[in-house]
Amino acid sequence: ETGVTQTPRHLVMGMTNKKSLKCEQHLGHNAMYWYKQSAKKPLELMFVYNFKEQTENNSVPSRFSPECPNSSHLFLHLHTLQPEDSALYLCASSPGQGEGYEQYFGPGTRLTVT
Amino acid sequence: GENVEQHPSTLSVQEGDSAVIKCTYSDSASNYFPWYKQELGKGPQLIIDIRSNVGEKKDQRIAVTLNKTAKHFSLHITETQPEDSAVYFCAAKRAPSGNTGKLIFGQGTTLQVKP
């Protein structure tokens with residue numbers, strides 16, 4: 001257990017559905033991250049939040065909408081996704097964004113878009 | 001843009017042998033290099049990291065070496081055990097200077113340790 005939980009662990013959705021992924025960290029960290037992990041590709045950073053403020057949007061399509069109501073919770077709202085969006089979505093947190101801060105990852109949500 | 005190349009993509013060794021995974025990075029301003037291990041059904045977990053002012057770091061059976069001039073760093077696992085089987089990711093990060101200093105990951109190496 002890394003102290004970062006993600007729900008659901010598995011999600012199958014149609015292209016017209018709306019769903020949300022949830023991440024919660026119990027570590028008292030101030031920074032939270034969303035990553036996309038596709039087969040045979042490096043982890044891709046999607047969004048970064050620091051003290052609830054978005055500090056990075058890595059050119060992510062608008063069909064992915066993040067929300068960070070407080071430093072412990074992070075959501076990723078999904079709508080009108082494409083089959084190529086099927087991947088493992090990982091949440092991570094770190095004490096801060098400075099040099100050397102270790103990122104703690106959750107177990108991920110396996111998303112399948114049909 | 002920033003890029004991290006990782007090799008090999010798969011590695012199979014016999015239990016007790018050593019395993020070496022190599023990464024090269026493109027951003028000369030990178031100064032923090034973590035290695036992550038990802039087991040099946042889990043998220044990546046940090047196993048060792050090194051900063052640019054150090055050439056080598058060791059923690060029991062794992063070690064990391066860094067060559068800043070050549071811009072490459074390597075993970076060494078000695079006396080491998082079946083539980084070392086996993087996917088290993090290297091990453092590089094530059095010190096934030098008005099930006100987030102994000103981690104750039106390599107493509108991953110699937111290590112299989114045969115009993």
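Residue numbers start from 1 in every chain, and the chains themselves are labelled A, B, ... in the order their sequence lines are given, proteins ahead of strands.
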Is any side-chain heavy atom of B:L103 closer than 4.5 Å to one of A:Q103?
yes

Report, by ascending residue number, the residues of residues 4-12 of chain B in heavy-atom contact with chain A at a distance under 4.5 Å; give 'none' if the set is empty.
none

Minimum heavy-atom distance between A:L90 and B:G43, given as atom pair plus value
CD2-CA, 4.0 Å

The interface call for A:Y35 against chain B, heavy-atom contacts under 4.5 Å, is side chain

Side-chain heavy atoms under 4.5 angstrom apart, residues restricted to Ile, Leu, Val, Met, Phe, Trp, Tyr: same cluster for B:I50 and B:Y88?
yes

Are there residues of residues 104-115 of chain B that reach to under 4.5 Å of chain A by heavy atoms, and which ones?
B:F105, B:G106, B:Q107

Check whether more than 12 heavy atoms from other residues, nucleotides or ligands sit under 6.0 Å from atom CD of B:E83, and answer yes or no.
yes

Under 4.5 Å to a heavy atom of chain A? For B:Y36 that would be side chain

Those residues at least two apart in sequence (or on a different chain) that pass salt bridge (Lys or Arg N to Asp or Glu O under 4.0 Å) with A:R9 are none

Is there a path of hydrophobic side-chain contacts, each under 4.5 Å between heavy atoms, that joins A:Y49 and A:F64?
yes

4.5 Å side-chain heavy-atom contact, A:Q37 and B:V87:
no

Answer yes if B:V20 and B:V13 sit in the same cluster of Ile, Leu, Val, Met, Phe, Trp and Tyr residues linked by side chain heavy atoms under 4.5 Å apart, and no otherwise.
no

Are A:V60 and A:L88 linked, directly or through other ILVMFWY residues, by side chains that come within less than 4.5 angstrom of each other?
no

What part of A:N58 gets within 4.5 angstrom of chain B, counting heavy atoms only: side chain, backbone, both, or neither?
side chain

Please flag which part of B:P34 lies under 4.5 Å from any non-hydrogen atom of chain A: side chain, backbone, both or neither.
neither

How many angstroms lie between atom CG of B:L46 and atom CZ of A:F105, to the nearest 0.5 angstrom?
9.5 Å

Can you hop from B:L66 to B:V54 via hydrophobic side chains spaced under 4.5 Å?
yes

Look at atom CD of B:E79 and say whether more than 12 heavy atoms of other residues, nucleotides or ligands are closer to it than 6.0 Å.
no

List the atom pairs, with distances to 0.1 Å, where a side-chain N or O of residues 11-21 of chain A and a protein N or O form a donor-acceptor pair under 3.5 Å, not counting sequence neighbours.
residue : atom : partner : partner atom : Å
A:N17   : OD1  : A:G14   : N            : 2.8
A:S20   : OG   : A:H77   : ND1          : 2.6

